[in-house]
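Per chain, numbering begins at 1; letters A, B, ... match sequence-line order. What you see below is based on every heavy atom in this structure, not just the backbone, and it leaves out hydrogens, waters and symmetry mates. Just so you know, these numbers come straight off a predicted model, no measurement behind them.
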Amino acid sequence: MQYNHLDIEKKWQEFWAENQTFKASNESEKPKYYVLDMFPYPSGAGLHVGHPLGYIASDIYARYKRHKGFNVLHPQGYDSFGLPAEQYAIQTGQHPAKTTEANITTYRKQLDKIGFSFDWSREVRTSNPEYYKWTQWIFIQLFNSWYNKDSDKAEDISVLEKIFKKEGNATVNAVCDDEIKLFSSDEWKAFTKVEQEEVLLQYRLTFLSDTEVNWCPALGTVLANDEIVNGVSERGGHPVVRKKMTQWSMRISAYAQRLLDGLNTIDWPQPLKDSQTNWIGRSQGAMVSFNVDNGSEKTPSDVKLTFKELEALKELRLNLSKAEMTLWNELKNKKGAVKFRKKYTIGTFLVDYVCLAKNLIVEFSGKEDEVARTEFFNNESFNVVRFKNEEVIENVLKVVAAINNAIQFPKKIESTSVNKEAVKDENQYKIDVFTTRPDTIYGVSFMTLAPEHELVSKITTDAQKAEVKAYITATAKRSERDRMADVKTISGAFTGAYAIHPFSGEKIQIWIGDYVLANYGTGAVMAVPCGDQRDFDFAKHFEIPIPNIFEGVDISEEAHTDKDGTKIANSDFLSGLKYKKALKLAIFEMEKRGFGYGKINYRLRDAVFSRQRYWGEPFPVYYKDGMPQMIDAKHLPIVLPEVEKYLPTEDGKPPLGNATEWAWDSRGKKVVSNDKLKNKTVYPLELNTMPGWAGSSYYFNRYMDPNNENEIASKDNLEYWENIDLYIGGSEHATGHLLYARFWQKFLFDKGIVPVDEFAKKLINQGMILGTSAFVYKATAFIQNGCGCSDEKSNDDVIDKIPTVFVSKNLFNSDDEFEKVVKNYLLDTKFLNPNFADLVMITKTPLHSDVSLVNASDELDIDGFKNHVLNADYKNAEFILEEGVYKVGREVEKMSKSKYNDVNPDNIVADYGADSLRLFEMFLGPLEQAKPWKTSGISGVSSFLKKLWKLYFNGEIFEVSDTEPTKDELKTLHKTIKKVEEDIENFSFNTSVSTFMIAVNELTALKCNKRAILEPLTVLVSPYAPHIAEELWSLLGYKESISIVNFPIFDAKHLVESAKNYPISFNGKMRFTLELPLDLSKEEIEKIVMENEKTIAQLDGRIPKKVIVVPGKIINIVG
RNA sequence: GCUCAAGUGGCGGAAUUGGUAGACGCGCUGGAUUCAAAAUCCAGUUCUUUCGAGAGUGUGGGUUCGAUUCCCACCUUGAGUACCA
């Protein structure tokens, strides 16, 4: 019987659908295994053969795990909100829901044809209200949470409110907006409701903020960076401006460190982890304050300790008394502005604890020089509180409360001498900088501010005003893109102002320059030209001094950026130290003297969560007195309203501004018509929608219980399925989806909603499938200029007679040869009159040909080409052939419609079958690698399936024998079991396809049709080629699906050999082989080999220096 | 620039606790079958060669009895990322 893929595949796809073969149960005795593909967006273009690659791999793994006795969850769904559907809606007026639905239908049909073992009963779509109800719900949870740095997790906002009520915000250690005002509990209570909400919004994990966006007035939308080309919109070429817009943001920065740490616990590809690490961008350094020179004399503080004294201090810090320890345990967790340090020197005094930011010293009483201490500390503007040992031991909490109080309500210090700080007047400005190299602080010779820095206008001297202003205007004109792209041009302006070097007290120039970015760090840098190339270039350009602070390093040509192995010089107390020690000591000194502190900075910025689009999740938010209010979760989902047009409104509001039914009735608890907005209890709803990543940041959890109406998923299901065991998808999601999803997972974990804080244990990036484009070479004829011909018309005639000509690829190696070939052809065929031959010039134009017109030998189907819809112009073209055929050129490019190298899986499935497609996609090469597609290669796997089929048949009759298998047959089988199992575990699917081919070739040669061999073989093949396996399985007499039959068990005894075909090498080069029994000793082997005539011939009389015998492996004769 | 990955026949690729380089497939060559073609089957297919053999895994070194595999330097390609202080 012939193997008929069409009938077989249809039959089993229907069988699986009817029997719900792959429906996963939430309860099972079996261990669980969760395999997931990254959420597909159902685009209108449908699938090309590159798309299913990852799905096939994950499907093989899922099917394998079922054979291995796991309860497998392998769902699929659609990330169905998105821009393309909205774009299409704007162009055609069709509702995006409709086109999305149609796209999904096509998509599903295509997927079904490939025979995936998806549990479709769990399908989710992000654009379904039943689904986005939970997206909205998570948003509300984020709104109702803040990040407590002390407990290092998200907590409910009510906890924060309680703290505010009790003690104000001074002691709160939270991730929040910059520059939060301090308030006491009384002040909090005195705030109006709106004021309180404003404050809380600064702490919430999702919050409103003014964000700079690329606004395109003509399109009425915000554009992503890559939608802008040369300062204008990619579509339409309209101007784009930077504009501040109030938008929802997510405080992902709160999770920066945990997102970084979590990477160590998951098995993801290193490049992906690297790019996340890079994106989070942790840098360790110091915040340093530079005072701007205001003319008053100021001497640098000269109190410092030697390195030796510091080491001694370190020792002291480790040996605390019991009371000291008790109090330290309470104080050490305070971070940020209320961070305490223990055993610290202030002047020449050693204090027990100090909070530098709040100028508070905490000491144990009973020190001999208490009066002198107090006086000195007060002079240095420190408050001092003292406690007795017993107080701490008896009730440490009471002591801590007193300390908190002292922080919040500092006593006014009555100084006994002139307070240095008193000279501070309103002209005293400070410039804060973040640096990763505090060790190089003595190399600072100038400072650079971003042109947008707020201090620029305040400190610029009158003399420099004009220049600075001109520079700022010039930079403002340059787009951020321009500024980033142009690295070569060095530009800047001197402000005329000077800063005071905090250590040396020297005056240093303050410049502005657009190489400093306003929105990174503090928008200012301390420039160390000898240690940073950009600072170096800047200093060279503007002739600013470049002090060298590196021992024995030449910096005349370029900056010295290495840190390891270099000693610091010319740096006062840092001189002679290496990077690490200098860094620590510099930070230590800064903290002691109070103008700097060690800090960890992250590049990761909070994520903007608003989109001015229609086709996205609406926010469950309305506005009362301008403040956002969450709609109670029990009224969700808030369903996307209908609109007439999908464009922004005329006054620039997002598309939802077009909705007429888009107001919240706070009494009726429902969405009502905008007409009712006059009513006191009806409020406007949010007009923005959520971004694409909202719905895809938790869908993997929803699959665990997709139809639950009361919870995101039940606790039981979440605990049973836990997280994804294997996640497969493209590397383009490295920093978008995969970072945001990890953030949400950690948040949901903090809130106790999900049981684990990483959502995917193992992740694999499948490589792209590239297209193998086919090129035909068109000849274009034209008349040479300046030929001196009088009659132009006759020249036109000459050209008109010449048809379009295509030249086969191997007929030319150069453009000159090409021209010659074409001319000769035209002369031979009389298309060209020899008299005009010299007038005509020929040029070559390579054109993409549809790859479906080319066969495996690169030969073009000429008739097919002429009649192809795209080639109407070439109906009468001539083809210059080589050996009777037209050969095309080949090149590997990205697969796309525009290059005519895209291949639709539907055609492959129709011609060769889904099993062939699956095998071939795996056979192409390693899963993770990019590889070109060439349809011709599929005949190899296709004939493999035919050969496999034939093993079970004798002519037209299905015939399987029950006789005992031979040794060789068992050896083939078990070799195959071993290799296939190893390959699947290692995700090396390409090699197992080869293994199957070898097995079938061997069994065919052995004429094996034994049930004992073929049955296990069927199971082995089943994950890869499930349709043919099911068919053969049923022919073997089984009624149940093959999908949960146990995987064959490997037995090593069938692979034991008694002899080995030894390779005999001379100086490492294999010259011949020799079959020898495996039970020989080294000496016996050596003897036999040395006596062999081939060995003697090889040696040609030489005496070997050494003979290496590795039994069972190799023999190497040296000499 | 930086980070990462990868360089093996005409092509996709295989082989690494260091032990026969080129498995398997495509393509190609020859043969069988056929009126012919498709399909199928058989044999061959890294290069050079004086047919003895020799060379060979991006290039140049090194370690080793032995290197595609380990180390160093360089070249090329691809991916990501960037005035990140």
Side-chain angles (χ1 to χ4, degrees), chain A residues 269-275 277-279 281-283 285 433-437 447-448 450 480 483-490 513-517 519-528 531-535 537-538 601-603 731-732 734-735 765 767-768 770 772 855-858 890 892 919-920 923-926 928-944 946-947 950 988 990-999 1001 1004 1060-1073 1097 1104-1110 1112-1119:
Chain A
Q270 198 54 43
L272 197 159
K273 287 187 183 182
D274 290 346
S275 84
T277 305
N278 187 278
W279 195 260
R282 182 186 201 268
S283 50
V433 298
F434 177 75
T435 173
T436 52
R437 296 293 303 273
M447 303 192 77
T448 316
E480 204 170 65
R483 272 170 72 172
M484 285 200 290
D486 183 13
V487 189
K488 297 257 154 62
T489 323
I490 296 161
D514 65 5
Y515 78 97
V516 177
L517 299 181
N519 51 9
Y520 183 77
T522 61
V525 299
M526 57 172 234
V528 183
D532 182 287
Q533 195 56 47
R534 278 163 307 154
D535 294 344
D537 294 341
F538 195 88
N601 235 23
Y602 299 94
R603 193 171 74 108
S731 55
E732 67 272 19
T735 45
N765 286 131
M768 213 191 309
L770 305 163
T772 314
N855 74 5
S857 309
D858 295 346
R890 291 289 204 174
V892 172
L919 284 167
F920 187 53
F923 188 62
L924 280 177
E928 298 93 331
Q929 250 171 52
K931 55 236 155 204
W933 175 277
K934 224 174 158 185
T935 303
S936 54
I938 203 169
S939 63
V941 293
S942 176
S943 60
F944 155 73
K946 287 180 201 159
K947 281 190 219 164
K950 270 193 192 162
S988 172
N990 53 327
T991 48
S992 39
V993 179
S994 304
T995 306
F996 288 137
M997 289 175 172
I998 294 166
N1001 288 347
T1004 305
K1060 158 90 188 168
N1061 196 20
Y1062 278 96
I1064 315 296
S1065 303
F1066 292 82
N1067 297 322
K1069 295 240 179 277
M1070 204 280 288
R1071 293 307 176 201
F1072 61 91
T1073 59
K1105 284 185 197 140
K1106 203 172 174 188
V1107 178
I1108 285 144
V1109 177
V1110 186
K1113 283 219 162 144
I1114 196 171
I1115 292 140
N1116 190 19
I1117 298 161
V1118 187

Whom does [N] pair with, Watson-Crick or G-U wobble, provided both distances fall under 3.5 Å?
N	answer
B/rC2	B/rG80
B/rG27	B/rU45
B/rA39	none
B/rU17	none
B/rC70	B/rG62
B/rA85	none
B/rG52	none

Checklist entry - How far does the C1' atom of B/rA55 sit from the matching atom of B/rA43, given to the nearest Å? => result 27 Å

Item to check | Euclidean distance for P, B/rG22 against B/rU68 (whole angstrom) | outcome: 12 Å

Look at [X] and [N] and indicate whether a side-chain polar atom (N or O) is within less than 4.0 Å of OP1 or OP2.
X	N	result
A/Arg534	B/rC84	yes
A/Asn1001	B/rG25	yes
A/Arg1071	B/rG54	yes
A/Asn990	B/rA14	yes

Item to check | 5'-most by nearest nucleotide on RNA chain B - A/Asn1061 or A/Gly937 | outcome: A/Asn1061

Checklist entry - Toward the 5' end of RNA chain B, which comes first, A/Met1070 or A/Ser939, by nearest nucleotide? => result A/Met1070

Among [options], the nucleotide that comes nearest once only the side chain of [X] is considered:
X	options	value
A/Lys950	B/rU40, B/rA23, B/rG19	B/rU40
A/Lys1069	B/rA55, B/rG13, B/rG25	B/rA55
A/Arg603	B/rC83, B/rC84, B/rG25	B/rC84
A/Val1118	B/rC65, B/rG13, B/rA85	B/rC65
A/Met997	B/rA85, B/rG25, B/rG56	B/rG25
A/Thr436	B/rA85, B/rC24, B/rG13	B/rA85
A/Val525	B/rU40, B/rG12, B/rA85	B/rA85

Next on the checklist: Does the plane of the ring in A/Phe1066 sit parallel, tilted or perpendicular to the ring in A/Phe1072? Use 30° and 60° as the thresholds.
Outcome noted: tilted

Just checking [X]: base, sugar-phosphate only, or nothing, at a heavy-atom cut-off of under 4.0 Å?
X	result
A/Ile1108	base
A/Asp274	sugar-phosphate
A/Lys273	nothing
A/Ser936	sugar-phosphate

